[in-house]
Amino acid sequence: MTKNIDEHRIIQTLSQKLNKPAHQIQAAVNLLDEGATVPFIARYRKEVTGGLDDAVLRELEVSLLYVRELEERRISILESIRSQEKLTPELEAAIMQADNKQRLEDLYAPYKPKRRTKAQIAKEAGLEPLADAILLENTDPQTLAQAYLNNDITDVKMALDGARDILAERFSENADLVATIREYLSKHAFLYSTLIEGKETEGDNFKDWFDFKEAVSTLPSHRILAMLRGRQQGVLDLRIGLESSLEEQHPHPCIEKIADFLDLDTDFTLEASPRQKWLSDLSRWTWRVKLLTLFETEIIGQLRDKAETEAIKVFAENLKDLLLAAPAGHKAVLGLDPGIRTGVKVAAIDKTGKLLETTTIYPFEPRLDKIGSMQTLAHLIQKHHIELIAIGNGTASRETEKLVSELLAALPNCETKKVVVSEAGASVYSASELASQEFPDLDVSLRGAVSIARRLQDPLAELVKIEPKSIGVGQYQHDLNQRELARSLDAVIEDCVNAVGVDVNTASAALLSRVSGLNAGLAKNIVSWRDENGAFKDRKALMAVPRFGAKAFEQAAGFLRISGGTNPLDQSAVHPEAYPVVSKILDKIHQDITSVIGNKEALKGLSPQDFTDEKFGLPTVKDIFNELEKPGRDPRPEFKTASFREDVHTIDDLKPGMILEGVVSNVANFGAFVDIGVHQDGLVHISALSNHFVQDPREVVRTGQLVKVKVLEVEPQRKRIALSMRLDDDTLPSSRSTRGPSSARQSFSSSKKEMAPQGAMAAAFAKLRK
């Protein structure tokens with residue numbers, strides 16, 4: 001961090017941006033600078049920050065980085081201009097008042113070291129006085145130029161062209177003029193998309209954008225990303241312009257604004273004087289050659305940034321819903337990774353997730369060993385006391401589900417239940433280094449079945465092992481800023497893991513590495529210590545782990561749980577530093593911890609206020625009371641499963657009007673995709689999500705949610721299914737347009753293992769578009 005940065009200024013800026021008191025912001029910034037994590041601060045430092053929650057703290061974390069970079073850039077710019085001896089008090093004041101990077105760069109533009117331009121060459125030739133004279137004197141520019149002819153400037157046109165270059169550069173670097181036109185364009189500019197000649201066939205996926213325009217102020221993120229991908233693939237040409245009627249206006253609105261702002265004595269009519277005509281042409285030149293190019297690059301860049309930010313937000317929210325999906329809990333599970341020619345991979349795991357046995361069955365073509373396959377499954381169910389069967393939702397999923405249904409119906413007194421599970425990312429995990437370390441002797445094809453079984457038991461614990469981008473809940477994720485995407489998704493995973501808490505005696509290294517204060521190295525050390533010494537008896541034993549110091553203990557201990565240890569408090573979210581508060585409570589009621597923890601009645605009549613002190617305020621003591629009443633509460637919902645219709649297995653079985661149950665597999669800005677068990681997700685357009693207006697689909701649905709939908713239209717050849725959650729709907733919604741991805745093949749990563757990385761979900765139907 002630059003030592004000259006004004007930290008007080010930073011705190012004030014953040015306070016205004018987040019609308020929180022400066023002292024709260026300062027306290028949180030101090031903790032972040034000391035290495036505290038957001039989950040730790042939000043949970044265990046409420047008194048210090050005044051109760052800032054994790055959402056505010058995450059925003060603060062990102063904003064702090066931006067504002068500090070802004071201040072560093074401000075100092076750098078001031079130093080640069082000062083070294084040129086061009087820093088006036090007015091310019092310094094303007095730079096100090098700049099509240100964003102764009103404004104700073106606009107102010108710096110005239111002083112920024114640059115390659116030798118035509119304007120600089122003209123200045124070196126002594127033409128700057130001519131440029132100034134044209135602005136100041138009401139004289140024909142050709143007459144003024146005569147005085148500047150020499151051996152280098154041989155004719156009037158050369159002199160006037162030089163003056164034009166000087167003034168055009170000066171005007172295009174005028175921060176206030178640039179800001180004025182930028183504001184105008186933000187309200188009136190359109191993004192135009194056209195097909196590059198000869199690219200019709202290879203650009204079929206982008207045909208919605210072959211002749212398209214929309215105001216930049218209303219363009220949603222998925223449309224922007226679709227067109228940017230089309231441009232990147234050499235199919236589309238994108239440009240910025242005004243509405244056709246304004247583009248044809250004489251003079252052009254932006255050219256007129258240049259003249260008006262600079263108070264140029266222009267006249268865009270045929271009767272104009274030579275000087276007025278020259279200044280009018282100068283305004284046109286400044287716009288066409290300098291500013292239009294500048295703003296086209298800038299606006300398309302801003303659209304990309306806006307779209308990426310929104311897409312990353314959608315991805316992060318979908319990932320959070322998926323990670324916090326209801327766990328089946330400690331149940332013995334049989335995981336099935338369906339396949340036809342290669343067979344169905346089978347893995348049995350016990351209640352703790354330990355792998356018991358694997359095999360492969362071949363109930364389908366070409367072997368068609370249905371009876372043998374059912375016998376094998378029946379044997380495994382009985383041998384390992386299987387309670388749940390997890391069936392991956394990829395190729396042959398419904399066929400496998402039908403096989404399991406027949407088997408369970410045939411088994412007497414069988415209470416085993418089947419559940420269809422998303423297998424997104426299972427193949428990625430199977431081939432990963434982590435999977436190789438977990439199951440070095442297990443065939444890659446069988447590891448996927450283990451992952452499917454475990455993610456039913458505990459989605460969070462299993463999905464943290466998979467690269468988030470492979471889970472298939474993102475929009476145009478391969479086109480996004482990968483650094484920012486990774487930062488955002490890592491933050492989501494960290495928040496989810498710490499919100500739930502981790503059993504230190506059973507968690508994998510991958511899960512432990514996401515705990516507040518830990519990293520991959522410490523996580524491996526914890527697992528190694530556990531393997532060598534057995535289960536941790538209490539939280540204090542963590543200090544024996546190599547490199548597990550006091551700081552790591554402070555940050556991590558409250559999120560690490562120990563069940564059946566020597567201290568019952570270790571299975572709760574009460575931080576060890578607050579154990580003395582619990583001792584005071586126990587002394588007050590004359591009971592021991594074993595009789596109090598989990599017993600709501602034991603604390604009846606007590607007031608948390610009575611146990612506060614200088615270190616532990618009311619928020620912390622209230623949290624302690626809550627934990628004593630219900631230790632280690634899991635914030636995730638109750639486990640439920642969707643029931644697919646037994647007579648619907650493929651898209652060909654669907655008929656308009658059918659009412660089906662399904663699982664929301666993905667949420668986008670234009671609607672939600674729902675898995676209804678036919679190997680192809682259907683789209684519920686945003687206008688069909690509810691009987692009332694929906695601004696954001698996430699107001700109504702979340703990834704992993706069970707929903708009832710009505711089939712509106714089916715296009716088997718194009719693999720498109722239109723659904724509605726308004727069960728009285730009988731026609732396709734048309735009130736709003738998705739106009740968004742020309743194909744969801746372009747929008748989402750696959751949620752089906754066998755599909756290509758960028759081809760997956762059903763398209764946003766043409767009939768749902770304008």
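Quick caveat: nothing in here was measured; it's all calculated off a predicted structure.
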Seminar exercise, completed: Residues pairing under ring pair (Phe, Tyr, Trp, His ring centres under 6.0 Å) where one sits in residues 94-153, two or more places apart or in two chains, turn out to be none

Problem set entry | Trp209-Phe206 aromatic ring centre distance below 6.0 Å | no

Problem set entry | Pairwise distance CG(Leu191) to OG(Ser217) - rounded to 0.5 angstrom | 11.5 Å

For this session: Please examine the side chains of Ile493 and Pro468, heavy atoms only from C-beta on, and report whether any two atoms are closer than 4.5 Å.
Result: yes

Exercise. Around Lys551, counting heavy atoms of other residues, nucleotides and ligands shown, do more than 12 lie under 6.0 Å from its NZ?
Worked result: yes

Problem set entry | Greater than 12 external heavy atoms within 6.0 Å of Asp155's CG | yes

Exercise. Distance only, no hydrogens: is a donor on one side chain within 3.5 Å (strictly under) of an acceptor on the other, for Asn30 and Glu34?
Worked result: no

For this session: Determine whether more than 12 heavy atoms belonging to other residues, nucleotides or ligands lie under 6.0 Å from atom NZ of Lys306.
Result: yes

For this session: For Arg103, enumerate each residue passing the side-chain hydrogen bond (donor to acceptor under 3.5 Å, both in side chains) test, keeping only those at least two apart in sequence or located in another chain.
Result: Asp176

Exercise. Does the side chain of Asp161 reach to within under 4.5 Å of the side chain of Met158, using non-hydrogen atoms?
Worked result: no

Exercise. Closest heavy-atom contact between Ser283 and Leu264?
Worked result: OG-CD1, 3.6 Å

Exercise. Should the pair Asp208-Arg223 be classified as a salt bridge under the 4.0 Å nitrogen-to-oxygen rule?
Worked result: no

Exercise. So with a 6.0 Å cut-off around NZ of Lys20, is the heavy-atom count from everything else above 12?
Worked result: no

For this session: Output, in order, the C-alpha distance, side-chain angles, deciding distance and verdict of side-chain contact (heavy atoms from CB on, under 4.5 Å) for Lys320 and Val492.
Result: CA-CA 6 Å; Lys320 180 179 180 180; Val492 169; 3.8 Å; yes

Exercise. Are the charged groups of Arg275 and Asp265 less than 4.0 angstrom apart, N to O?
Worked result: yes

Exercise. Is the count of non-hydrogen atoms from other residues, nucleotides or ligands lying under 6.0 Å from Lys46 atom NZ greater than 12?
Worked result: yes

Exercise. Taking side chain as C-beta onward, heavy atoms only, is Asp260 less than 4.5 Å from Lys257?
Worked result: no

Exercise. Got a sec, which pairs hit side chain to side chain donor-acceptor pair (under 3.5 Å) with one end in residues 53-64, sequence neighbours left out?
Worked result: Arg58-Glu61, Arg58-Glu494, Arg58-Asp495

Exercise. Are the side chains of Arg170 and Glu128 in touch, meaning some heavy atoms are under 4.5 Å apart?
Worked result: yes

Exercise. How close do Leu236 and Ser193 get, heavy atom to heavy atom, and via which atoms?
Worked result: CD1-OG, 3.7 Å

Exercise. Does one side chain, of Asn666 or Thr703, offer a donor that lies under 3.5 Å from an acceptor on the other?
Worked result: no

For this session: Mind checking ring pair (Phe, Tyr, Trp, His ring centres under 6.0 Å) for His23 and listing every partner two or more places apart, or none if nothing turns up?
Result: none

For this session: Grab the two heavy atoms, one from Ala311 and one from Leu225, that are nearest each other, plus how far apart they are.
Result: CB-CD1, 3.8 Å

Exercise. Does the side chain of Lys277 reach to within under 4.5 Å of the side chain of Phe268, using non-hydrogen atoms?
Worked result: no

Problem set entry | Heavy atoms of other groups near Glu197 CD, more than 12 under 6.0 Å | no

Exercise. Would you say Asp237's side chain and Thr194's backbone share a donor-acceptor pair under 3.5 angstrom?
Worked result: no

Exercise. Taking it one step at a time, do Glu79 and Ser83 satisfy side chain to side chain donor-acceptor pair (under 3.5 Å)?
Worked result: CA-CA 6 Å; Glu79 290 175 349; Ser83 69; over 6 Å; no

For this session: For the pair Arg487 and Asp490, find out whether any cationic side-chain nitrogen is under 4.0 Å from an anionic carboxylate oxygen.
Result: no

For this session: Mark yes or no for whether Glu699, through its side chain, and Val694, through its backbone, hold a donor-acceptor pair below 3.5 Å.
Result: no

Mind listing the side-chain donor-acceptor pairs of residues 136-144 below 3.5 Å, one per line with the distance, residues two or more places apart or on another chain?
| residue | atom | partner | partner atom | Å |
| --- | --- | --- | --- | --- |
| Asp140 | OD1 | Gln142 | N | 2.9 |

Under 3.5 Å, sequence neighbours excluded: what are the donor-acceptor pairs made by side chains of residues 296-305?
| residue | atom | partner | partner atom | Å |
| --- | --- | --- | --- | --- |
| Glu296 | OE2 | Ile240 | N | 2.7 |
| Thr297 | OG1 | Thr293 | O | 3.1 |
| Glu298 | OE1 | Arg182 | NH2 | 3.0 |
| Glu298 | OE2 | Arg182 | NE | 2.5 |
| Glu298 | OE2 | Arg182 | NH2 | 3.3 |

For this session: Start with the C-alpha gap between Ile181 and Phe295, add the side-chain angles, then the distance that decides, and say whether side-chain contact (heavy atoms from CB on, under 4.5 Å) holds.
Result: CA-CA 9 Å; Ile181 297 180; Phe295 282 119; 3.6 Å; yes

Show the atom names and distances, to 0.1 Å, of all donor-acceptor pairs under 3.5 Å that link a side chain in residues 86-97 to residues at least two apart or in another chain.
| residue | atom | partner | partner atom | Å |
| --- | --- | --- | --- | --- |
| Thr88 | OG1 | Leu91 | N | 3.0 |

Problem set entry | Atom pair CD1 (Ile81) and NZ (Lys112), whose distance is rounded to the nearest 0.5 Å | 11.5 Å

Exercise. With under 30° as parallel and over 60° as perpendicular, where do the rings of Tyr192 and Phe190 fit, or are they tilted in between?
Worked result: tilted

For this session: With the side chain counted from C-beta on, respond yes when Glu7 and Arg68 share a heavy-atom pair under 4.5 Å apart, and no when they do not.
Result: yes

Problem set entry | Beyond-backbone contact of Arg116 with Glu124, side-chain heavy atoms, under 4.5 angstrom | yes

For this session: Please determine, by modelled atom types, if Ser273 and Gln276 share a side-chain donor-acceptor pair under 3.5 angstrom.
Result: yes

Exercise. Tell me, which pairs form a ring pair (Phe, Tyr, Trp, His ring centres under 6.0 Å) where one or both residues lie in residues 242-261, sequence neighbours left out?
Worked result: His252-Trp287

Problem set entry | Test item: Lys123 and Pro129 side chains (from C-beta on) under 4.5 Å apart, heavy atoms | no

Seminar exercise, completed: Heavy atoms of Ser172 and Lys290 approach each other most closely as CB-CB, 3.7 Å

Problem set entry | Those residues that, when tested against Tyr66, pass ring pair (Phe, Tyr, Trp, His ring centres under 6.0 Å) (two or more places apart) | none

Exercise. Sequence neighbours excluded, which residues qualify as salt bridge (Lys or Arg N to Asp or Glu O under 4.0 Å) partners of Glu71?
Worked result: Arg9, Arg74

Problem set entry | Arg702/Glu317 salt bridge by N-O under 4.0 Å criterion | no

Problem set entry | Atom NZ of Lys114: over 12 foreign heavy atoms under 6.0 Å | yes

Show the atom names and distances, to 0.1 Å, of all donor-acceptor pairs under 3.5 Å that link a side chain in residues 162-169 to residues at least two apart or in another chain.
| residue | atom | partner | partner atom | Å |
| --- | --- | --- | --- | --- |
| Glu169 | OE1 | Thr117 | OG1 | 3.0 |

Problem set entry | Working for salt bridge (Lys or Arg N to Asp or Glu O under 4.0 Å), residues Glu183 and Lys187 | CA-CA 7 Å; Glu183 182 181 3; Lys187 298 175 182 176; 3.7 Å; yes

Problem set entry | Rounded distance [0.5 Å steps], CD1 in Ile686 versus CG in Asp696 | 7.0 Å

Problem set entry | Nearest-0.5 Å distance that lies between atom OG in Ser488 and atom CZ in Arg483 | 13.5 Å

Seminar exercise, completed: By salt bridge (Lys or Arg N to Asp or Glu O under 4.0 Å), Arg45 pairs with (sequence neighbours left out) Glu554, Glu577

For this session: Please report the C-alpha distance between Leu518 and Ser513 in whole Å, then the side-chain angles of each, then the deciding distance to 0.1 Å, and finally whether the side-chain contact (heavy atoms from CB on, under 4.5 Å) criterion is met.
Result: CA-CA 5 Å; Leu518 303 186; Ser513 69; 5.9 Å; no

For this session: Would you name the heavy atoms of Leu52 and Ala28 that are closest together and state the gap between them?
Result: CD1-CB, 4.0 Å

